[in-house]
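Reading through the structure tokens given below for one structure.
All ligand and atom numbering here is 1-based and tracks the order in the structure.
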Amino acid sequence: MTATRVFSGVQPTGNLHLGNYLGAVRNFAALQDSHECIYCVVDMHAITVWQDPAALKQATLEVAAAYLAAGVDPENHIIFNQSQVPGHAELAWALNCVARIGWINRMTQFKDKAGKNREKASVGLYAYPVLQAADILLYKATHVPVGEDQKQHLELARDIAQKFNNDTGAQDFFPLPEILTPPEAARIMSLRDGSAKMSKSDPSDQSRINLTDDADTIAKKIRKARTDSDPLPENKDGLENRPEVKNLINIYSALAGDDAETIIARYAGQDNFSGFKTDLAEIAVSHFGPITAEMSRLMDDKVHIEAVLRDGGARARAIAEPVLRDVYDLIGFVR
Ligand code: TRP
């Protein structure tokens with residue numbers, strides 16, 4: 001019972017950005033030396049809101065390319081897209097019958113995404129967290145690297161696993177998956193508004209750094225990032241009520257690997273942000289340059305990415321099938 005398995009997923013919707021990278025993808029590569037890893041492009045989650053089919057395909061390949069560009073090894077680990085493994089949908093159905101409506105009603109991401117128009121949201125958007133639990137449990141994954149914002153979904157997955165184990169009397173059948181949040185920078189905020197998450201759905205492209213932005217664009221976005229008119233802080237306390245400044249220091253820290261105190265000390269008291277921003281832009285460009293270049297190289301060879309996904313899909317199915325068989329036996333389905 002000491003074996004660990006890592007599972008995580010990213011939705012193929014819109015452009016991948018710095019927040020996805022620092023909050024998730026970068027961590028994926030870091031975990032592969034110590035764990036068996038399965039990284040999924042969750043296309044079935046994507047369609048909980050309408051996606052143009054051609055754009056969905058493109059975005060699916062792009063997320064896979066990002067995994068590869070970030071250094072995930074598709075031979076020793078698994079990269080695949082969710083819809084290639086029917087077990088996700090099958091287990092999700094069984095788990096829909098385990099999860100309680102009251103649990104799902106508490107999910108804040110649904111409330112945020114459905115907004116005022118709840119009656120018009122898809123049933124899939126509502127059931128989204130149950131599918132996410134199925135993703136993880138289908139492989140009996142023990143660790144799930146995701147950003148802070150996914151904490152509630154992870155707790156739900158644990159509740160569902162626990163209830164399934166109790167209901168069927170198979171006490172240790174599903175391990176209770178643990179969240180692995182990145183040490184810092186789990187929450188990268190918008191460059192225009194330090195109180196909003198950096199998001200692919202923000203109408204302003206200035207609010208985020210996309211993994212497909214070129215060096216000039218990255219530098220320009222950082223130069224234009226919102227700050228305030230006070231001097232740079234003298235210490236960490238000076239970040240209070242300055243969410244935009246805090247966010248930039250957080251990004252700097254995540255990319256440069258220095259802690260916030262060291263960075264603050266380096267710029268303490270400077271009366272404007274221009275020196276800080278010039279340095280941050282340089283760090284961001286040198287960090288992302290190679291990744292962006294590798295992504296565009298990969299995107300020129302879609303056949304290769306598709307082959308990676310197909311091969312990963314077959315290997316994922318081989319892990320999933322026996323688990324699903326056991327689930328069906330525990331439920332009492334005749335087969
Ligand atoms: N809901 C996750 C997100 O928005 C994506 C996701 C779907 C996921 N299934 C998952 C993450 C399983 C980890 C494990 O980021």
Side-chain angles (χ1 to χ4, degrees), residues 4-28 31 35-49 51 56 59-60 63-64 66-67 72 77-85 87-89 91-92 95-96 99 104 107-114 122 124-161 174-182 185-188 197-202 208 312 316 319-320 323:
T4 61
R5 183 178 278 149
V6 165
F7 183 97
S8 194
V10 170
Q11 284 198 63
T13 46
N15 283 334
L16 277 177
H17 54 68
L18 180 77
N20 305 122
Y21 179 74
L22 293 176
V25 180
R26 181 168 76 167
N27 242 21
F28 291 3
L31 288 163
H35 297 81
E36 175 196 353
C37 301
I38 305 178
Y39 296 127
C40 186
V41 186
V42 290
D43 48 7
M44 291 163 65
H45 278 97
I47 63 162
T48 55
V49 296
Q51 302 296 324
L56 178 62
T60 301
V63 173
Y67 290 171
V72 175
H77 301 275
I78 293 178
I79 294 178
F80 76 110
N81 58 311
Q82 193 180 22
S83 60
Q84 299 216 44
V85 181
H88 290 259
L91 183 59
L95 299 184
N96 272 331
I104 307 302
M107 296 294 116
T108 54
Q109 186 171 303
F110 174 74
K111 290 179 197 164
D112 292 346
K113 282 198 180 176
S122 74
L125 189 66
Y126 186 65
Y128 176 116
V130 183
L131 177 60
Q132 181 166 349
D135 296 341
I136 299 163
L137 300 178
L138 185 59
Y139 303 95
K140 297 192 172 179
T142 54
H143 295 85
V144 182
V146 278
E148 258 314 293
D149 65 308
Q150 292 299 307
K151 209 168 169 187
Q152 196 184 32
H153 286 165
L154 249 290
E155 277 158 15
L156 179 83
R158 293 168 65 92
D159 289 344
I160 292 175
F174 285 131
L176 306 187
E178 282 174 40
I179 188 168
L180 289 178
T181 46
R187 259 176 102 72
I188 299 294
K197 228 180 95 173
M198 186 176 285
S199 158
K200 347 185 190 199
S201 51
D202 192 315
R208 64 184 158 261
I319 301 173
V323 176

Side chains of Tyr39 and Val10 in contact at under 4.5 Å (non-hydrogen atoms): no
Check whether Asn27 reaches the backbone of Ala24 with its side chain - one donor and one acceptor, N or O, closer than 3.5 Å. no
Mind checking whether Ile136 contacts ligand 1 via backbone (N, CA, C, O), side chain (CB onward), both or neither, at a 4.0 Å heavy-atom cut-off? side chain
Which is closest to atom 12 (C) of ligand 1 in terms of heavy atoms, His88, Gln82, Gln132? Gln132
Any side-chain heavy atom of Val49 sitting closer than 4.5 Å to one from Lys113? no
Numbered in order shown, the ligand 1 atoms found under 4.0 Å of a heavy atom of Val42 are 7 (C), 9 (N)
Presence of salt bridge, Arg208 and Asp202, under 4.0 angstrom: no
Could you list the atoms of ligand 1 found under 4.0 angstrom from a heavy atom of Gln150? 1 (N), 2 (C), 3 (C), 4 (O), 15 (O)
As an exercise, identify every atom of ligand 1 less than 4.0 angstrom from a heavy atom of Phe7. 12 (C), 14 (C)
Could you list the atoms of ligand 1 found under 4.0 angstrom from a heavy atom of Tyr128? 1 (N), 2 (C), 3 (C), 4 (O), 5 (C)
Out of all atoms in ligand 1, which are within 4.0 Å of some heavy atom of Val144? Include the element for each. 13 (C), 14 (C)
Can you tell me if NZ on Lys151 sees more than 12 non-hydrogen neighbours from other groups inside 6.0 Å? no
Non-hydrogen side-chain atoms of Val144 and Gln150 separated by less than 4.5 Å: no
Select the closest option to atom 9 (N) of ligand 1 among Ile179, Asn20, Asp135, judged by heavy-atom distance. Asp135
Counting C-beta onward and ignoring hydrogens, is there a side-chain heavy-atom pair between Ile104 and Tyr126 closer than 4.5 Å? yes
Under 4.0 Å from a heavy atom of Gly9: give me the atoms of ligand 1 that qualify, with their elements. 5 (C), 6 (C), 8 (C), 11 (C), 13 (C), 14 (C)
Only heavy atoms of Val146, strictly under 4.0 Å: list the atoms of ligand 1 that pass. 11 (C), 13 (C)
